[in-house]
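Working notes for the structure below.
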Amino acid sequence: MALTLFDTDEYRPPVWKSYLYQLQQEAPHPRRITCTCEVENRPKYYGREFHGMISREAADQLLSVAEGSYLIRESQRQLGTYTLALRFGNQTRNFRLYYDGKHFVGEKRFESIHDLVTDGLITLYIETKAAEYIAKMTINPIYEHIGYTTLNREPAYKKHMPALKDTHDWKESTGEDGVSEKRVHTFRGPHWCEYCANFMWGLIAQGVKCADCGLNVHKQCSKMVPNDCKPDLKHVKKVYSCDLTTLVKAHITKRPMVVDMCIREIESRGLNSEGLYRVSGFSDLIEDVKMAFDRDGEKADISVNMYEDINIITGALKLYFRDLPIPLITYDAYPKFIDSAKTLDPDEQLETLHEALKLLPPAHCETLRYLMAHLKRVTLHEKENLMNAENLGIVFGPTLMRSPELDAMAALNDIRYQRLVVEMLIKNEDILF
């Protein structure tokens with residue numbers, strides 16, 4: 001039997017390439033060379049790494065102790081101008097240093113000199129060790145296999161691509177022709193480019209993010225991506241594990257159909273079920289529901305005739321949120337949401353939550369609003385289902401939020417704040433959304 005094009009075009013998850021990530025881990029660490037004597041007229045925004053008006057030769061001698069050593073000196077020729085001297089590759093590199101509320105030597109701006117040097121050492125190390133590799137990153141893109149591209153579109157290399165300006169605040173404005181809005185972006189936690197599958201290195205401004213579909217790419221890869229990033233349904237092979245924004249754009253819906261369909265089913269026959277969302281359904285049947293959505297989409301049958309136990313439907317909904325590659329409460333917005341839970345004043349809590357919600361992509365915010373309104377209705381049946389906002393917060397906190405931190409202890413400490421965030425969102429749903 002001959003295979004059709006669809007049969008041979010099966011979805012394959014991309015293989016993320018670890019080489020550049022490994023190089024970032026190997027990069028030299030900053031080593032501040034402190035000045036042992038008091039220096040007159042030291043700028044208030046510099047610390048003990050400032051050595052005053054010393055010569056290049058003196059700086060070179062001080063920095064010879066180790067790779068990654070750094071200090072700041074004032075220029076002997078131009079008073080009031082400052083140089084960052086950095087040891088890398090067994091030689092001293094000198095960079096003109098600026099401050100406008102943040103520290104910078106190029107387009108990236110940093111809160112501290114330590115962060116600037118850390119990012120600089122990572123960049124120097126990777127671009128020295130992998131210059132040829134980086135130059136060839138765009139040759140074998142994975143972009144066309146992960147759900148963002150359109151089959152009927154002209155190939156990207158044939159289109160005229162606007163050059164990416166070298167500025168931290170660069171963006172392309174969305175115009176009448178449907179051009180996507182792309183911004184240089186700081187990613188929290190490790191991120192991989194969704195064009196070339198390589199690690200996005202550095203501390204800040206590691207790449208470009210599309211405000212419309214959430215696509216994350218290197219700056220150089222962004223020049224290869226079509227401006228109209230509307231995903232093609234033929235390439236979105238899955239419902240589960242698919243980027244939320246990509247899914248709703250592909251299906252032209254406000255929210256993922258999984259969320260709408262499961263919540264409708266739960267509210268039609270499950271609001272009085274004891275331990276709703278807390279009690280687990282049979283895992284094999286939950287997996288069946290997942291496969292049904294992946295296979296049939298909005299035609300999936302999750303009615304009582306197929307799944308009598310409502311806990312299977314609640315389990316399928318929770319699994320959908322756990323499987324999202326970018327959590328419903330995104331990594332970028334996560335710190336602000338956690339800050340709201342740490343705030344003691346109730347009015348400040350709500351204000352911080354308002355600010356945090358503004359950081360979410362539109363599809364994420366709309367889905368969160370819809371879910372919180374549903375969970376609020378669940379709490380109205382607390383006498384029957386025994387599920388109040390606190391109990392639901394315990395269930396949904398780690399389901400909707402994942403810490404961008406790699407440190408396991410830090411992530412563990414955040415669990416109680418995750419619970420509080422969801423509890424506050426449920427209780428104040430009518431005010432916040």
Side-chain angles (χ1 to χ4, degrees), residues 20-131 134 165-170 184-189 200-207 219 335 339 405-407 410:
L20 297 180
Y21 177 75
Q22 291 168 355
L23 287 183
Q24 174 159 312
Q25 299 302 100
E26 296 170 7
H29 296 288
R31 180 170 176 172
R32 184 172 74 154
I33 303 299
T34 57
C35 186
T36 56
C37 57
E38 281 299 321
V39 180
E40 290 186 8
N41 303 319
R42 183 177 69 193
K44 62 182 180 180
Y45 39 83
Y46 296 140
R48 303 290 294 184
E49 70 275 3
F50 182 73
H51 286 247
M53 198 177 294
I54 62 172
S55 66
R56 283 191 174 217
E57 293 73 22
D60 190 50
Q61 183 66 33
L62 289 168
L63 295 173
S64 63
V65 291
E67 283 282 280
S69 299
Y70 71 94
L71 59 80
I72 297 172
R73 61 182 179 84
E74 186 173 4
S75 172
Q76 293 179 322
R77 296 179 180 178
Q78 291 180 283
L79 297 181
T81 62
Y82 305 98
T83 298
L84 171 67
L86 174 66
R87 190 74 173 179
F88 179 80
N90 295 319
Q91 60 178 300
T92 300
R93 312 259 184 134
N94 294 282
F95 303 91
R96 180 75 174 272
L97 188 59
Y98 301 90
Y99 182 80
D100 63 356
K102 291 187 177 181
H103 304 279
F104 62 101
V105 297
E107 63 178 81
K108 294 185 179 182
R109 283 162 165 74
F110 299 84
E111 297 290 345
S112 69
I113 292 293
H114 183 271
D115 285 352
L116 185 155
V117 174
T118 301
D119 186 85
L121 287 169
I122 289 169
T123 302
L124 286 169
Y125 188 79
I126 289 178
E127 292 183 354
T128 299
K129 292 280 186 178
I134 292 170
K165 298 177 185 176
D166 286 330
T167 167
H168 182 70
D169 296 319
W170 173 88
V184 173
H185 189 77
T186 294
F187 298 96
R188 297 182 184 276
M200 301 169 76
W201 65 89
L203 288 191
I204 69 168
Q206 303 96 329
K219 285 171 66 176
D339 286 347
E405 298 296 330
L406 295 176
D407 183 3

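Sequence positions, counted from 1, serve as the residue numbers for this chain. Excluded from the calculations below are hydrogen atoms, water molecules and symmetry mates; all remaining heavy atoms, backbone and side chain alike, are included.
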Write down the atom of Ile54, the atom of Leu62, and the distance for their closest heavy-atom approach.
-> CD1-CD1, 4.1 Å
Between Glu107 and Lys219 the two heavy atoms that sit nearest each other are OE2-NZ, 2.9 Å
CZ-OG1 distance between Arg93 and Thr83, expressed to the nearest 0.5 angstrom | 15.5 Å
Contact summary for Gly202 and Ile122, nearest pair of heavy atoms = N-CG2, 3.9 Å
Quick one: does Val65's side chain get under 4.5 Å of Arg87's, heavy atoms only?
-> no
May I ask you to decide if Asp115's main-chain N or O and His103's side chain share a donor-acceptor pair within less than 3.5 Å?
-> no
List the steps and the verdict of side chain to side chain contact (heavy atoms under 4.5 Å, CB included) for Arg109 and Asp100.
-> CA-CA 9 Å; Arg109 283 162 165 74; Asp100 63 356; 3.1 Å; yes
Is the number of heavy atoms from other residues, nucleotides or ligands within 6.0 Å of CD (Gln61) greater than 12?
-> no
Tell me, do Arg56 and Gln76 make a side-chain contact under 4.5 Å, heavy atoms counted?
-> no
Rounded to the nearest 0.5 Å, what's the gap from CD1 on Ile72 to CD1 on Ile113? Could you check?
-> 4.0 Å
Identify the two heavy atoms, one from Leu121 and one from Gly68, that lie closest to each other, and give their separation to 0.1 Å.
-> CD1-CA, 3.9 Å
Note: Ala205 and Thr186 closest approach over all heavy atoms is N-OG1, 2.9 Å
Could you tell me whether the side chain of Gln206 and the main chain of Phe187 form a donor-acceptor pair under 3.5 Å?
-> yes
For side chain to side chain contact (heavy atoms under 4.5 Å, CB included), just list the numbers for Tyr70 and His114, CA-CA rounded to whole Å, side-chain angles, deciding distance to a tenth of an Å, and then say yes or no.
-> CA-CA 9 Å; Tyr70 71 94; His114 183 271; 4.3 Å; yes
Between CD1 of Ile204 and OG1 of Thr118, what distance do you get to the nearest 0.5 Å?
-> 11.5 Å
Measure across Ala59 and Ala85 and return the closest heavy-atom pair with its distance rounded to 0.1 Å.
-> CB-CB, 4.5 Å
Decide if the gap between the ring center of Tyr82 and the ring center of Tyr99 is smaller than 6.0 angstrom.
-> no
Interatomic spacing from NE2 in His29 to OG in Ser69 - rounded to 0.5 Å | 13.0 Å
Please tell me if the side chains of Arg48 and Thr36 come closer than 4.5 Å, counting only heavy atoms from C-beta onward.
-> no
CD1-CG distance between Ile33 and Leu71, expressed to the nearest 0.5 angstrom = 7.0 Å
Between Met53 and Val39, is a side chain to side chain contact (heavy atoms under 4.5 Å, CB included) present by the stated rule, with each step listed?
-> CA-CA 9 Å; Met53 198 177 294; Val39 180; over 6 Å; no
Evaluate side chain to side chain contact (heavy atoms under 4.5 Å, CB included) for Leu84 paired with Glu49, printing each intermediate quantity in order.
-> CA-CA 10 Å; Leu84 171 67; Glu49 70 275 3; over 6 Å; no
Side-chain touch Leu116/Phe95, heavy atoms, less than 4.5 angstrom | no
Can you say whether the rings of Tyr125 and Phe88 are parallel (under 30°), tilted (30 to 60°) or perpendicular (over 60°)?
-> perpendicular
Are a donor atom and an acceptor atom from the side chains of Thr92 and Asp60 found within less than 3.5 Å of each other?
-> yes
Crowded around Arg96 CZ? As in, over 12 foreign heavy atoms under 6.0 Å?
-> yes
Nearest 0.5 Å please: distance from the OG1 atom of Thr81 over to the CZ atom of Arg73.
-> 9.0 Å
